[in-house]
Trainee: 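Before we start, here is the structure in question, set down as structure tokens.
Worth saying up front: this structure is predicted, and the values here are computed from it rather than measured. Labels below follow one simple rule: chain letters A, B, ... track the order of the sequence lines, proteins then strands, and each chain is numbered from 1.
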Amino acid sequence: MALLEIVNLTVDFATATGSLRAVDGINLTIDEGEIVAIVGESGSGKSVGMLALMGLLPWTSTVTADRISFNGQDLLNMTDKQRRKIIGKDISMIFQEPMTSLNPCFTVGYQITEVLSHHFGGKRKSYNKKAIELLNQVGIPAAESRLNSFPHQLSGGMCQRVMIAMMIACKPKLLIADEPTTALDVTIQAQILELLIELQQSHGMALVLITHDMAVVAETAERVIVLYAGQQVEQRKVKELFENPKHPYSEALLNALPERAQDKHLNAIPGVVPGQMDRPRGCLFSPRCNYAQDLCSQEKAPLKDGILCHFPLDFSKSKKKKAINVETG
Amino acid sequence: MSKQLIKARDLHKHYTINEGFLKSSKKLKALSGVGFDLYEGKTLAVVGESGCGKSTLARLLTTIEEPTSGQLSIDGIDMGSVQSKAITKQLRQTVQMVFQDPFGSLNPRQKVGDILQEPLIINTSLSASERKQKALDMMSLVGLRDEHFQRYPHMFSGGQRQRIAIARALILKPKVVVLDEPVSALDVSIQAQVINLLVELQKELGLAYVFISHDLSIVRHIADEVLVMYLGKPVEQGPSEVIFNDPKHPYTQALLSATPSTNIKNKRQRIKLTGELPSPIDPPNGCAFNPRCQHANKSCKISEPVMDTFGKSRAACLALDEGRI
């Protein structure tokens with residue numbers, strides 16, 4: 001049985017100018033101990049989808065789904081009180097900005113022990129030893145003295161380690177990392193990613209990695225889900241996606257990377273992700289797509305084998321197409 | 001040979017930190033011993049972790065701050081010897097800057113047109129209609145439409161805002177543009193758009209760029225020359241291809257191996273860097289990199305390395321000097 005199963009998740013926001021669909025029918029299954037990456041540009045609904053799962057969205061949002069089940073429990077029809085017993089304990093989440101996601105008014109030790117006493121009961125102070133152990137585990141030197149430091153006394157990388165320590169305190173079965181390294185330097189990024197994978201392997205927890213960096217995906221994940229404007233456009237094994245992307249958007253994302261550029265000109269994707277007002281009628285990616293035909297701008301794209309596209313690419317075919325494009329200018 | 005625009009020799013910038021009135025003040029060496037040449041139409045990339053002095057260097061080049069010691073000449077004029085305010089003003093127009101965060105660097109209460117015209121009002125005596133025409137020309141150059149003139153920054157996406165910031169930097173016709181992490185706040189696809197724009201503008205206007213970044217894949221793409229810094233000191237410097245294909249300094253090697261790659265077939269062996277950048281107030285003795293370096297030995301903890309030439313690049317490393325690597 002899958003650890004997490006999400007079927008047809010949709011999130012709408014009520015805004016002053018009407019309703020905005022941020023997530024549009026995402027399906028996701030995650031097995032135990034698996035690393036899944038969710039990729040997409042900003043505004044593609046990566047974070048909102050996961051926040052919906054955690055129940056962290058504001059009241060203006062409407063979350064609907066056919067099914068959200070975690071470990072056999074139905075998260076959808078659960079009261080908030082029941083949900084809070086799972087959230088933070090069995091499912092936990094790391095946020096993008098380590099400096100702002102910790103509370104500046106409390107010491108690191110307070111914040112870690114608070115989690116433990118909340119979920120397991122007992123006095124906060126009785127968990128001090130456990131907190132030191134956790135800080136050691138995530139590689140913070142002189143953990144004992146660090147318990148009494150405030151977040152502003154730590155660097156970005158350290159804060160992110162503290163966040164991770166907090167999140168693994170209850171040994172979650174599923175850890176959602178929302179752009180955990182975007183705000184960090186490359187060397188620290190490498191350290192944090194390594195730490196996450198190490199913990200994933202030693203604890204046997206599943207890891208959902210939300211990112212916009214394709215290179216991070218290539219280095220860490222086993223499976224990848226590509227989102228565009230709230231829709232899931234491709235879901236594949238990482239190796240397959242990088243060698244042979246089927247959706248034009250996945251291909252465009254890969255081609256935009258500087259290391260794949262042939263000369264000084266990068267293959268940028270023209271335009272931006274459509275907003276509330278300029279949502280195209282047909283396939284949402286059609287205005288920016290290299291391969292778009294008339295049909296694409298008129299009819300919604302069908303979902304075939306996990307790929308949302310009228311004309312999925314084949315590597316051999318797409319090579320030919322490119323050759324034609326070059327010839328015709 | 002194209003024209004030399006910036007000549008920097010042995011630049012130092014120290015800040016004094018007072019920790020209360022009974023304690024003696026400390027020196028923070030934000031920058032020590034940086035030197036380079038920048039020519040017309042070329043790009044120098046400055047690479048390093050946060051806190052290595054990249055942004056301090058940017059502040060010196062844009063003459064926002066003065067160096068504590070060292071020689072800096074811009075467009076053939078030595079900054080140290082300049083007395084008259086008029087020349088300083090002229091030099092400031094020569095070097096302009098684009099900042100990292102396009103959401104923080106544009107005044108939310110000014111329209112795009114006003115943002116672009118403000119440098120002209122301060123620095124030139126053009127009439128209102130001339131200014132407007134210049135602003136419109138600049139907007140079309142960076143790929144913004146005329147109707148954007150009357151809009152506020154919040155109405156734009158991140159990529160478009162960065163275009164506005166670039167237009168603002170270019171409107172005084174600078175020769176050098178300092179780009180402080182211009183694309184790190186943007187998505188990959190938008191990043192590519194902005195980088196393409198920068199490359200095109202450079203070709204068209206013959207601009208020289210000082211490109212500050214920690215994303216090595218972009219640096220590799222855009223730079224002609226690379227300067228790697230660690231804790232305020234240059235550790236390696238040379239032509240881009242040489243640095244990327246044959247990095248000499250252990251820190252450069254570690255930085256390169258830490259950069260994630262989409263090449264899933266040949267995964268590189270990671271060089272693990274443990275720990276973080278030490279505090280510049282209290283730097284380690286000897287080579288600043290020795291606590292994190294796998295090649296460090298006793299001599300690295302005692303004496304400080306200086307830049308030496310190794311093949312086509314220059315590096316500051318004792319292990320290299322002694323032939324240990």
Trainee: With respect to chain B, which residue among A:Ala268, A:Gly156, A:Ala252 yields the maximal number of heavy-atom pairs within a distance under 4.5 Å?
Mentor: A:Ala268

Trainee: Given that the side chain runs from C-beta out, which part of B:Leu216 has a heavy atom under 4.5 Å from chain A: side chain, backbone, both or neither?
Mentor: neither

Trainee: Of all heavy-atom pairs between A:Ala256 and B:Ala192, which one has the smallest distance, and what is that distance?
Mentor: O-CB, 3.9 Å

Trainee: Less than 4.5 Å apart, any side-chain heavy atom of A:Gln189 and any of B:Pro260?
Mentor: yes

Trainee: Can you name the nearest heavy-atom pair linking B:Gly48 to A:Asp185, along with the distance?
Mentor: O-OD1, 4.5 Å

Trainee: Atom OG in B:Ser261, atom CD in A:Glu219: separation rounded to 0.5 Å?
Mentor: 6.0 Å

Trainee: Counting only non-hydrogen atoms closer than 4.5 Å, does B:Ser217 touch chain A with its backbone (N, CA, C, O), its side chain (CB onward), both, or neither?
Mentor: both

Trainee: On a heavy-atom basis, which atom in A:Pro258 and which in B:Ile218 lie closest, and how many Å separate them?
Mentor: CG-CG1, 3.7 Å

Trainee: Within a radius of less than 6.0 Å around CD of A:Glu144, do more than 12 heavy atoms belonging to other residues, nucleotides or ligands occur?
Mentor: no

Trainee: Does any non-hydrogen side-chain atom of A:His265 lie less than 4.5 Å from one of B:Val199?
Mentor: no

Trainee: Which atoms of B:Gln160 are under 4.5 Å from chain A, going by heavy atoms: the side chain, the backbone, both sets, or neither?
Mentor: neither

Trainee: List the atom of A:Gly271, the atom of B:Gln193, and the distance in Å for their closest heavy-atom pair.
Mentor: O-NE2, 3.2 Å

Trainee: Are more than 12 heavy atoms, taken from residues, nucleotides or ligands other than B:Asp246, located less than 6.0 Å from that residue's CG atom?
Mentor: yes

Trainee: If we define contacts as heavy-atom pairs under 4.5 Å, which of A:Ala190, A:Pro141, A:Ala261 has the most with chain B?
Mentor: A:Ala190

Trainee: Please tell me if the side chains of B:Arg292 and A:Thr187 come closer than 4.5 Å, counting only heavy atoms from C-beta onward.
Mentor: yes

Trainee: Who wins among A:Met214, A:Arg288, A:Gln191 for the most heavy-atom pairs under 4.5 Å with chain B?
Mentor: A:Gln191

Trainee: Can you tell me how far the CG atom of A:Leu266 sits from the CD atom of B:Gln191, to the nearest 0.5 Å?
Mentor: 9.0 Å

Trainee: For B:Lys54, I'd like to know if atom NZ has over 12 heavy atoms of other residues, nucleotides or ligands within 6.0 Å.
Mentor: yes

Trainee: State the CD1-CD1 distance between A:Ile269 and B:Ile190, to the nearest 0.5 angstrom.
Mentor: 7.5 Å

Trainee: For A:Leu184 and B:His214, work out which heavy atoms get closest and say how close.
Mentor: O-NE2, 4.0 Å

Trainee: With side chain to side chain contact (heavy atoms under 4.5 Å, CB included) as the test, pick out the partner of B:Val188 among A:Leu257, A:Val39, A:Asp213.
Mentor: A:Leu257

Trainee: Quick check against the 3.5 Å criterion: does B:Asp187 have a side-chain atom that pairs as donor or acceptor with the backbone of A:Glu41?
Mentor: no

